[in-house]
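One structure is given here, and the rest of the page talks about it.
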Amino acid sequence: MPMCDCDNEVAAYVRLELWDKDRLDPDDLMANATTGKTGNFYIKGKESEVTTIDPELRIFHKCGVETAKCYRQTVIEIPDEYITDGAEPKNFYDAGNINLRTLPNTESKYCD
């Protein structure tokens with residue numbers, strides 16, 4: 001099961017969103033969740049589109065900037081082989097251990 005951490009410290013109760021990244025219209029939120037108390041998570045979503053979807057996992061956190069007013073965003077693109085036609089996934093993407101400190105981050109619109 002995938003897990004989020006921050007420099008080997010558990011990233012508990014971190015906000016997760018699964019989006020379909022669109023080119024011509026606004027992106028579509030497919031699902032949201034939070035990491036558990038051990039940083040583990042499971043998220044799945046679905047979207048109906050005329051063309052193929054481009055799913056990405058957006059993780060909102062304060063790893064490395066705990067006192068900041070706004071959250072940082074880490075984006076992980078989901079490979080095409082994990083896209084399933086239908087409501088139930090046939091393959092599951094295991095993102096592994098995600099160290100939020102080492103992945104590229106951007107500032108997000110979510111603030112305290």
Side-chain angles (χ1 to χ4, degrees):
M1 181 175 283
M3 185 183 102
C4 291
D5 72 37
C6 179
D7 290 335
N8 295 320
E9 294 290 325
V10 170
Y13 311 111
V14 170
R15 179 184 180 134
L16 306 169
E17 295 179 351
L18 186 61
W19 286 83
D20 171 24
K21 180 91 171 142
D22 288 326
R23 290 176 182 83
L24 301 176
D25 57 346
D27 296 346
D28 302 304
L29 177 63
M30 297 189 291
N32 56 50
T34 57
T35 60
K37 65 181 178 182
T38 60
N40 291 353
F41 66 92
Y42 173 84
I43 187 169
K44 72 175 184 175
K46 63 180 182 174
E47 182 63 33
S48 296
E49 293 276 340
V50 175
T51 60
T52 59
I53 66 170
D54 296 309
E56 64 182 27
L57 177 64
R58 298 178 187 177
I59 306 168
F60 299 91
H61 60 90
K62 290 189 177 182
C63 178
V65 290
E66 289 77 11
T67 59
K69 181 178 179 185
C70 297
Y71 289 82
R72 302 186 89 189
Q73 175 180 263
T74 298
V75 176
I76 298 174
E77 294 180 5
I78 309 299
D80 289 345
E81 58 263 28
Y82 297 96
I83 300 171
T84 300
D85 188 18
E88 289 301 316
K90 294 181 181 133
N91 296 317
F92 292 91
Y93 179 64
D94 185 347
N97 186 7
I98 302 167
N99 186 336
L100 299 170
R101 173 79 93 167
T102 61
L103 293 176
N105 295 290
T106 58
E107 299 305 315
S108 78
K109 62 183 177 179
Y110 295 113
C111 301
D112 288 333

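These numbers were taken from a predicted model, which means no experiment stands behind them. Side-chain atoms are counted along with the backbone in the values below, which use heavy atoms only and exclude waters and symmetry mates.
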Considering all heavy atoms of both residues, which atom of [X] and which atom of [Y] are nearest to each other, and what is their separation?
{"X": "Cys4", "Y": "Phe41", "result": "SG-CE2, 3.8 Å"}
{"X": "Leu103", "Y": "Ile76", "result": "CD1-CD1, 4.3 Å"}
{"X": "Met30", "Y": "Pro55", "result": "CE-CB, 3.8 Å"}
{"X": "Thr84", "Y": "Lys90", "result": "OG1-N, 3.1 Å"}

Exercise. Counting N and O atoms only, with roles assigned by atom type, does the side chain of Asn32 sit under 3.5 Å from a partner on the main chain of Glu17, one being a donor and the other an acceptor?
Worked result: no

For this session: Evaluate whether atom CD of Glu107 has more than 12 neighbouring non-hydrogen atoms of other residues, nucleotides or ligands under 6.0 angstrom away.
Result: yes

Exercise. Excluding sequence neighbours, so at least two apart, what forms side-chain hydrogen bond (donor to acceptor under 3.5 Å, both in side chains) with Asp22?
Worked result: none

Side chains of [X] and [Y] in contact at under 4.5 Å (non-hydrogen atoms):
{"X": "Tyr13", "Y": "Lys37", "value": "yes"}
{"X": "Lys62", "Y": "Asp112", "value": "yes"}
{"X": "Leu16", "Y": "Thr35", "value": "yes"}

Exercise. Is it true that Val10 and Ile98 fall in one hydrophobic cluster, defined by side-chain heavy atoms closer than 4.5 Å?
Worked result: no

Exercise. Have Tyr71 and Arg15 got a donor and an acceptor in their side chains that come within less than 3.5 Å?
Worked result: no

